[in-house]
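Following: one structure in structure tokens, then a few remarks.
In listed order, ligands and their atoms are each counted from 1.
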Amino acid sequence: MKLAILIRHGESEANVKNLISEDTEKFPLTLKGRDQVKFTADQIRALKFDGIISSPVLRARQTAEIISEHIGIPYVIDSRIRESGLGDYNNRDISDVGNMTRSEMGMESWDSHIRRFMEAFNSYEGNYTMISHALPIRAAISGFLNFNEEESFGINIRNASMSVIDVEKRKVLSIGSFLVTPKIQMAFR
Ligand SMILES: O=C(O)[C@H](O)COP(=O)(O)O
């Protein structure tokens, strides 16, 4: 069995300011973001995990710390699940991004996100929680649904939400949810 729960970090100061940033030491979680993560940690506490993997970006690491304390499993950093490469849009308002595709705007390509996540999925055995960011998680899920960036545009990955993937069977079990459903509990048994 090889299940991955992709969790977007809790609300961060970048989210409050509507900024996107790949800088690793900026924009910590807000108090609200910490509470969001504690709720999610309680949701997954009873599931069986073999590890927690985090993006190297501060808001993800802080999320991993909270979850790690809640479920008693250490976390490791893996740059393959980092934030998107944002090019000239780093630290800019997300509304500047518009509806063009990321590579059209000189940012990291869709396929690059999918490639690096698949490499990460293939390098871990067992069940893992992976703490990452909105667009990279949307791309990782799309890699299993065979969606390109435009086709996945409606997928909304909210702060501290969970998307569950059965990596071995290449099945997406949930997208951007806040609750562990009976189906997901069964999958972890
Ligand atoms: O949607 C995006 O472009 C970013 O991935 C959002 O970043 P965040 O999930 O770290 O807020």
With a cut-off of 4.0 Å, which atoms of ligand 1 are near a heavy atom of [X]?
X	answer
His9	8 (P), 9 (O), 10 (O), 11 (O)
Glu83	4 (C), 5 (O), 6 (C), 7 (O), 8 (P), 10 (O)
Pro136	5 (O)

**Study point:** Option of least heavy-atom distance to atom 2 (C) of ligand 1 (set: Arg102, Arg8, Arg138, Arg59)
**Key:** Arg102
Revision key, fill the gap. Short version for Asn15: what comes under 4.0 Å of ligand 1, heavy atoms counted, is side chain
Point to revise | Sidechain N-carboxylate O distance under 4.0 Å for Glu65, Arg34 | key: no
Check your understanding: Okay, side chain of Lys183, backbone of Leu173: is any donor-acceptor separation there less than 3.5 Å?
Key -> yes
Exercise for review: Using modelled atom types only, decide if a donor and an acceptor are shared between the side chain of Arg138 and the backbone of Ser152 within a distance under 3.5 Å.
Suggested key: yes
Review point. How about Asn122: does its CG atom have over 12 heavy atoms from other parts shown lying under 6.0 Å from it?
Key: yes
Review point. Considering distance alone, does some N or O of Leu86 sit under 3.5 Å from an N or O of ligand 1?
Key: no
**Study point:** Residue among Glu11, Glu13, Glu83 satisfying salt bridge (Lys or Arg N to Asp or Glu O under 4.0 Å) with Arg59
**Key:** Glu83
